[in-house]
There are 2 protein chains.
Amino acid sequence: MKRLLLVSSSKAYGSGYLEHCEEEIRQLFAKSSRVLFVPYALFDRDAYAQQARQRFGEMGIELTSIHEAEDPVEAVRKAEGIFIGGGNTFRLLRELQGQGLIAPIGDRVEAGMPYLGTSAGSNVAGPTIKTTNDMPIVQPASFVALDLVPFQINPHYVDADPDSTHQGETRDQRLTEYLEENDTPVVAIREGAMVIVRDREVRLAGQAGGKLFRKDTGPVEIPPGQLIDGLGVVRE
Amino acid sequence: MKRLLLVSSSKAYGSGYLEHCEEEIRQLFAKSSRVLFVPYALFDRDAYAQQARQRFGEMGIELTSIHEAEDPVEAVRKAEGIFIGGGNTFRLLRELQGQGLIAPIGDRVEAGMPYLGTSAGSNVAGPTIKTTNDMPIVQPASFVALDLVPFQINPHYVDADPDSTHQGETRDQRLTEYLEENDTPVVAIREGAMVIVRDREVRLAGQAGGKLFRKDTGPVEIPPGQLIDGLGVVRE
């Protein structure tokens, strides 16, 4: 069974690193004694791997970091689970492409290897990174990502602030612009929310809820715990 | 003389479309009886051109839109001034590249054609679009932009809100990540601010001020009216 846990943000306001999603992470990796960590989204990979390793240690899960592996592709082939951490989505995708990891990760997830993503790590699970909030600080070979699910993720989703004086686009305006140019639906998840995928079953977990954006229809609120229908298999 | 006016946002809070920068626009185009408008950053080009044409009409300047020209490259060659409007920077750059306009616009600006950019139109005046805030809704051929000035622009600059509960990166964190990967300095301009370029003289205008971000040094506040030194000719 294909299993993914796509978390909006590794921290929710008022709780610690991976605290609000701990139960879901434990369930996802219940049968994985060793999980492979991908720290490519941040500049300081050593520090990032250390933080993640310590946190997973507290949950009784051994974590190895792909940036310490001699052969990253081989590390993916042997992994019992994978955790792609957040940071900058462009930097992350460029390195996944550069290391030739797109197809190997896709093959393993199709074969049942549990996948955990937070923030940028959730973004790259979609068909493209076209719904990231990140600054394009480096140029990946293409915006095409891991394509593990048939919908886009928009992490750190924020509702428009009616009192804002800022003239820049709201998140809803940005996602509407995305749908002017693309057909793939977008699951926007507030901080504290996450998406659980089990084969074709897609469910929203966590407390914060989210919104489903589809072409030619207005955004629809998704309450916590709800199964998300209608994601179909529309691809760009 | 090379002349550019790079405006953070076409509207500042509490004033109308191109109102806060009207004086600077009048000065820039004092000798241009016809200005070419580029509406590529928005989806509805007709509506966008109409809005800009009306506003320029109020200032006594005739505006023609490049999307109505039979030959966009020829339209650039004959233009007496150019105005690239805001919207989505990726959509804008992709179309500039697709229409073969990068070099023609660069040649004309080097030869003294006045250039006005707002928001995305200011972003594309830099060497790359790597400091845009926009969502990457379409993929341009490359992030390399018009390269009219030797620094990056970050429009709609916002200071971090100390009361925010949001876990996403602040603008300062994003620009710091940019400088982890790149050397080109960034002029970040708050809404209401603008950059005036006259050959090698770069000055901050408007009331809101900005910040200069450079590699290996902390950000430095730029007060309104100040000449910005030290932008050098560092290129990536």
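The sequence lines fix the lettering, A, B, ..., with proteins before strands; numbering per chain opens at 1. Everything numeric here is computed off the predicted structure, so don't read it as measured data.
With a threshold of 4.5 angstrom between heavy atoms, B:Asp134 approaches chain A through its backbone and through its side chain. There is no contact between A:Ser10 and chain B, counting heavy-atom distances below 4.5 Å. For a residue to count as touching a neighbouring chain, one of its non-hydrogen atoms must lie under 4.5 Å from one of that chain's; by this rule A:Leu42 touches chain B with the side chain only. Of the atoms belonging to B:Ser142, heavy atoms from both backbone and side chain fall under 4.5 Å from chain A. For B:Glu191, the part lying under 4.5 angstrom from a heavy atom of chain A is the side chain only. Contacts between B:Ala141 and chain A at a heavy-atom distance below 4.5 Å involve the backbone alone (N, CA, C, O).
Scanning residues 158-173 of chain B against chain A with a 4.5 Å non-hydrogen threshold yields B:Val158, B:Thr165, B:His166, B:Gln167, B:Gly168, B:Glu169, B:Arg171, sorted by number.
The number of heavy-atom neighbours closer than 6.0 Å to NZ of A:Lys11, taken from other residues, nucleotides and ligands shown, is 12 or below. More than 12 non-hydrogen atoms from other residues, nucleotides or ligands lie less than 6.0 angstrom from CD of A:Gln27. Residue B:Glu58 qualifies as enclosed at atom CD: its count of foreign heavy atoms under 6.0 Å is above 12. In A:Gln207, the CD atom is not crowded: 12 or fewer heavy atoms of neighbouring residues, nucleotides or ligands sit closer than 6.0 Å. Residue A:Tyr17 places its OH atom among more than 12 non-hydrogen atoms of other residues, nucleotides or ligands, all under 6.0 Å distant.
How far CD1 of B:Ile137 is from OG1 of A:Thr176: 10.5 Å, rounded to the nearest 0.5 Å. Here CD of B:Gln139 is found 13.0 Å from CD of A:Glu181. Values are rounded to the nearest 0.5 Å.
Using a distance-only test at 3.5 Å, with no hydrogens or angles considered, no donor-acceptor pair links the side chain of B:Asn133 to the main chain of A:Met135.
Using a 30° and 60° split on the angle between ring planes, A:Phe143 and B:Phe90 fall in the perpendicular class, above 60°.
Taking B:Thr132, B:Thr89, B:Asn154, B:Leu179 one by one and counting their heavy-atom pairs under 4.5 Å with chain A, the maximum is reached by B:Thr132.
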